[in-house]
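As structure tokens, the structure follows; a few thoughts come after it.
Here the structure is a predicted model, which is why all the values come from computation and not from measurement. Here, residue 1 is the first one in the sequence, and each next residue gets the next number. Order of listing sets the numbers, starting from 1, for every ligand and every atom in it.
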Amino acid sequence: MRKQIVAGNWKMNKNLSEGQALVADVLAGMPLLSENKIVVLAPAFLNIPETAKQLSGVAHVFCGAQNVHHEMNGAYTGEVSPTMLQAAGAEYVLIGHSERREYNGEHDALLVKKMNAALSVGLKPIFCCGEALEIRDANQQNDFVAAQIQAGLFHLSAADISQVAIAYEPIWAIGTGRTASAAQAQEMHAHIRATVASHFGSEIANEMSILYGGSCKPGNAAEIFAGADVDGGLIGGAALKADEFLGIVSAMVAK
Ligand code: PGA
């Protein structure tokens with residue numbers, strides 16, 4: 001059965017003690033989750049060991065990372081490897097977030113290496129895709145997102161793709177307060193699922209979790225998550241406030 005996931009992407013926010021407090025508040029109000037309705041918290045690298053410790057023994061809530069290097073060790077100053085993340089307690093990792101594509105020059109070939117490295121140690125990737133406003137305005141979003149998925153994921157084996165979730169995050173909706181409409185999200189998610197099915201078959205595509213990201217809030221989450229192909233969300237700004245994040249988690253649980 002396809003998992004519904006709400007993942008909090010804290011980005012470069014919350015120091016260690018602020019992060020501890022946020023995790024505690026989120027856990028205190030967490031609605032009842034299950035094997036198929038899960039939550040991921042992705043703080044900055046420095047917070048991962050403590051977050052993982054706070055989540056240990058908590059069912060269905062997992063620690064994630066926002067990025068990973070593609071080698072396991074070596075002379076890569078300032079980087080963090082898949083094995084390090086795993087040892088610190090991360091189980092999920094965001095790969096290809098639009099902010100990393102834009103500000104860190106992460107391109108398709110590098111993302112392929114990151115996907116392979118993460119999967120090789122058993123980290124579960126959340127592969128991010130999504131178009132900029134000019135592409136949406138030119139009505140090229142379907143081809144653009146399909147190309148991102150093809151470039152980042154089509155090389156994977158059936159076993160590996162089954163470990164991957166996709167997050168569709170239209171860049172024009174990230175942090176802007178302008179969300180995709182529920183209809184736009186559903187349309188794109190169905191397109192993403194069809195793209196995955198065209199290469200991996202419908203069984204694998206139907207099992208894949210496809211999350212929506214971009215100005216998701218408690219007030220719009222239920223409507224967006226109602227889409228048949230929308231399996232939860234990747235949450236930025238609203239993940240930094242326990243009550244807002246929990247409101248979104250509740251919308252996912254209620255689906
Ligand atoms: P946002 O960010 O919820 O603040 O729009 C989402 C994301 O970038 O993952």
> Given Glu131, which of Asn142, Asp143, Val145 fulfils the side chain to side chain contact (heavy atoms under 4.5 Å, CB included) condition?
Replying inline: Val145

>> Under a 4.0 angstrom heavy-atom cut-off, which atoms of ligand 1 come close to Ser215?
In response: 1 (P), 3 (O), 5 (O)

> Which atoms of ligand 1 have any heavy atom of Leu234 under 4.0 Å away?
Replying inline: 6 (C), 9 (O)

>> Are there over 12 heavy-atom neighbours, none belonging to Asn73, within less than 6.0 Å of that residue's CG?
In response: no

> For atom 7 (C) of ligand 1, what is the nearest protein heavy atom, given as residue, atom name and distance?
Replying inline: Glu169 OE2, 3.0 Å

> Which bit of Ile174 gets closer than 4.0 Å to ligand 1, counting heavy atoms only: side chain, backbone, both or neither?
Replying inline: both

>> Using a 4.0 Å cutoff against the non-hydrogen atoms of Gly214, which atoms of ligand 1 qualify?
In response: 5 (O)

>> Need the ligand 1 atom indices (1-based, order shown) with element for anything under 4.0 Å from a heavy-atom of Ala173.
In response: 5 (O)

> Nearest heavy atom to atom 5 (O) of ligand 1: which of Ala7, Gly175, Gly130 does it belong to?
Replying inline: Gly175

>> Counting only nitrogen or oxygen atoms and a 3.5 angstrom limit, does Gly237 reach ligand 1?
In response: yes

> In terms of ring plane angle, is the pair His199 and Phe154 parallel, tilted or perpendicular, where the classes change at 30° and 60°?
Replying inline: parallel

> With under 30° as parallel and over 60° as perpendicular, where do the rings of Phe62 and Tyr92 fit, or are they tilted in between?
Replying inline: tilted

> When Val23 is tested against each of Glu50, Lys14, Glu18, Gln54 for side chain to side chain contact (heavy atoms under 4.5 Å, CB included), which residue passes?
Replying inline: Gln54

> How far is atom 3 (O) of ligand 1 from its nearest protein heavy atom, and which residue and atom name does that atom have?
Replying inline: Gly236 N, 2.9 Å

> By number and element, which atoms of ligand 1 are closer than 4.0 Å to a non-hydrogen atom of Asn9?
Replying inline: 9 (O)

>> For residues Ile224 and Ile235: do they belong to one hydrophobic cluster (side chain heavy atoms under 4.5 Å, members Ile, Leu, Val, Met, Phe, Trp, Tyr)?
In response: yes

>> Checking contacts here: is it the side chain or the backbone of Ser98 that comes within 4.0 Å of ligand 1, counting heavy atoms only? Could be both or neither.
In response: neither

>> Taking CD in Glu223 as the centre, count heavy atoms belonging to other residues, nucleotides or ligands within less than 6.0 Å. Is the count above 12?
In response: no

> Which ligand 1 atoms are under 4.0 Å away from a heavy-atom of His97?
Replying inline: 7 (C), 8 (O), 9 (O)

> Name the one of Glu106, His70, His69 that satisfies side-chain hydrogen bond (donor to acceptor under 3.5 Å, both in side chains) with Lys114?
Replying inline: Glu106

